[in-house]
Amino acid sequence: MKIAVVCANGKAGKLIVKEAAERGLDVTAIVRGENQSGTRQVLQKDLFDLTASDLADFDVVIDAFGAWAPETLSQHSTTLKHLCDILSGKETRLLVVGGAGSLYINADHTSQVMDGADFPDIFKPLATNMGKALEELRTRNDVKWTYISPAGDFQADGARTGKYILGGEELLLNSKGESVISYADYAIAMVDEAVNGNHLQQRISVVAE
């Protein structure tokens, strides 16, 4: 199995590369600048410059793109559209590092985490843009995509416990009543999905045990 991690220099991307490499998987980092990830197999190219031929040999492409500055938030949609366009009609699966703000908090799926009164205003633009990208992704029946939302408290420096609980479209709480997961445990879930491919055309979610 050949895996490519787009934006492999980011916090999530690095840990996904590390997890895949430690399992002995064939993983390539796709980075815009100098490679800072844990694999020597590198394609140095801007995401928007990637072509269908660049990704043709991969079984799985993992999109670890993230943007936080107001002027770049719209790129959550444009980067995902570009990757979908060049993977359209291909067997290659596209796995997306998603957000938690778009998870539902009711059974009817009419209310999302980001709609809550206690959702921090500072994160609303990010959650809104990531939610928009997910809605656009849902229309892509021409791509074998899977969108993985983390728990509400997504901890960059959290410990790797090796355990997680898999959920679906709704915000999931663990046995302690918490919605939390480390980037390292999220990376385990992401690589598990890359290997197993059990959730085509689905959004799934993960929380720490």
Side-chain angles (χ1 to χ4, degrees), residues 12 15-16 19 60 62-68 73-81 83-84 87 93-156 158-209:
L15 286 169
I16 292 166
E19 182 67 33
V60 177
I62 298 174
D63 173 19
F65 175 83
W68 291 270
L73 288 177
S74 63
Q75 289 182 7
H76 285 282
S77 283
T78 54
T79 52
L80 197 47
K81 181 182 186 299
L83 290 174
C84 284
L87 291 174
R93 287 183 287 125
L94 174 64
L95 274 54
V96 182
V97 176
S102 58
L103 286 166
Y104 294 103
I105 52 176
N106 63 347
D108 297 336
H109 291 185
T110 55
S111 188
Q112 296 174 307
V113 171
M114 62 177 135
D115 301 326
D118 55 350
F119 191 80
D121 286 340
I122 192 171
F123 293 131
K124 278 187 179 169
L126 174 62
T128 301
N129 278 273
M130 292 188 81
K132 177 174 178 281
L134 171 59
E135 290 311 310
E136 291 163 354
L137 182 63
R138 290 188 198 276
T139 70
R140 300 297 298 242
N141 298 322
D142 56 327
V143 179
K144 295 188 172 182
W145 62 268
T146 304
Y147 186 99
I148 307 182
S149 285
D153 185 4
F154 197 21
Q155 299 183 337
R160 183 187 188 280
T161 70
K163 297 175 182 177
Y164 65 89
I165 304 165
L166 193 63
E169 289 276 3
E170 294 167 25
L171 183 71
L172 196 61
L173 302 180
N174 61 18
S175 58
K176 299 174 188 169
E178 299 169 333
S179 175
V180 60
I181 196 163
S182 66
Y183 276 45
D185 283 344
Y186 178 92
I188 296 172
M190 177 63 79
V191 176
D192 283 351
E193 182 62 29
V195 171
N196 299 322
N198 290 334
H199 300 92
L200 294 182
Q201 258 84 36
Q202 292 179 51
R203 187 259 289 273
I204 55 176
S205 57
V206 289
V207 66
E209 277 195 359

Judged by atom type as modelled, is there a donor-acceptor pair below 3.5 Å linking the side chain of R203 to the main-chain atoms of S102? yes
Salt bridge flag under 4.0 Å for residues R138 and E135: yes
Student check: side-chain heavy atoms of V180 and Q155 closer than 4.5 Å: yes
Strictly distance-based, threshold 3.5 Å: is any side-chain N or O of Y147 a donor or acceptor partner for the main-chain N or O of G99? yes
Check whether the side chains of D185 and T161 place a donor and an acceptor atom closer than 3.5 Å, and report yes or no. yes
For residues 186-209, the ring pair (Phe, Tyr, Trp, His ring centres under 6.0 Å) pairs (sequence neighbours left out) are F154-Y186
Keeping E209 on the side-chain end and N174 on the backbone end, is there a donor-acceptor pair under 3.5 Å? no
I'd like to know if the side chain of N129 and the backbone of H76 have a donor-acceptor N/O pair within less than 3.5 Å. no
Can you tell me if S149 uses its side chain to pair, donor with acceptor, with the backbone of S205 under 3.5 Å? no
Smallest separation among heavy atoms of I181 and P150, with atom names: CG2-CB, 4.1 Å
Using the side chain to side chain contact (heavy atoms under 4.5 Å, CB included) rule, take V97 and I16 through it: C-alpha gap first, then chi angles, then the decisive distance, then the call. CA-CA 10 Å; V97 176; I16 292 166; 3.8 Å; yes
Are the side chain of R93 and the backbone of L200 linked by a donor-acceptor contact shorter than 3.5 Å? no
